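Okay, structure first, notes after.
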Amino acid sequence: MKEGIIKMKLNNMSHNDRVNYLLKPILRALQEAGGQLSRSEIKNRIISYDDDIDEYASQKKQSKKSGNEYREFDFKFNFAIKDFLLLIC
């Protein structure tokens with residue numbers, strides 16, 4: 001894939017849609033593991049389930065303010081975990 005050209009469906013989604021898209025694979029990972037995994041274990045499993053998630057997780061962005069690189073996926077993943085915890089409580 002060429003630098004700067006992103007063809008995956010996650011990039012065309014809103015923030016809420018991206019977070020919601022991650023909820024089902026998170027649930028699947030927890031069910032397959034019997035209900036208990038670390039965040040990094042969940043992240044590794046959901047990346048292996050879906051090529052779009054894998055591509056999104058590997059994509060780096062650069063902060064306009066600080067110039068630091070970050071992965072937007074990490075923020076969306078953490079929002080999805082938080083939302084998941086709110087759903088089950």
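These numbers were taken from a predicted model, which means no experiment stands behind them.
- More than 12 heavy-atom neighbours from other residues, nucleotides or ligands sit within 6.0 angstrom of CD on Gln62.
- One distance of note links CD1 of Ile88 with CG of Leu30; it measures 8.0 Å at 0.5 Å rounding.
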Using a 3.5 Å cut-off and no angle test, enumerate the donor-acceptor pairs between side-chain atoms of residues 78-86 and protein atoms at least two apart in sequence or in another chain.
from, atom 1, to, atom 2, distance (Å)
Asn78, OD1, Arg39, NH1, 2.8
Asn78, ND2, Asp74, O, 3.1

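- Around atom OH of Tyr70, more than 12 heavy atoms belonging to other residues, nucleotides or ligands sit under 6.0 Å away.
- How far CG of Asp52 is from CE of Met13: 7.5 Å, rounded to the nearest 0.5 Å.
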* Given side-chain contact (heavy atoms from CB on, under 4.5 Å), test Glu72 with Tyr56 step by step and report yes or no. => CA-CA 8 Å; Glu72 184 181 59; Tyr56 183 52; 2.7 Å; yes

* Show your working on side-chain contact (heavy atoms from CB on, under 4.5 Å) between Tyr49 and Glu32 and close with a plain yes or no. => CA-CA 12 Å; Tyr49 295 154; Glu32 288 177 358; 2.6 Å; yes

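- Residues Ile42 and Leu22 fall within the same hydrophobic cluster, defined by Ile, Leu, Val, Met, Phe, Trp and Tyr side chains chained together at heavy-atom separations under 4.5 Å.
- Taking CZ of Arg18 as the reference point, atom CG of Asn12 lies at 8.0 Å (rounded to 0.5 Å).
- By the 4.0 Å N-to-carboxylate-O rule, Arg45 lies too far from Glu41 to be salt-bridged with it.
- The shortest side-chain heavy-atom distance between Lys43 and Phe73 falls under the 4.5 Å cut-off.
- Here the straight-line distance linking atom CD1 of Ile46 with atom CG of Leu27 works out to 11.5 Å at 0.5 Å rounding.
- When side chains are defined from C-beta on, Lys76 does not count as touching Leu10, because their heavy atoms never get closer than 4.5 Å.
- Summarising the geometry, atom NZ belonging to Lys61 is positioned 15.5 Å from atom CG belonging to Asn68; distances are rounded to the nearest 0.5 Å.
- Side-chain contact between Ile53 and Pro25 is present, with at least one heavy-atom pair separated by less than 4.5 Å.
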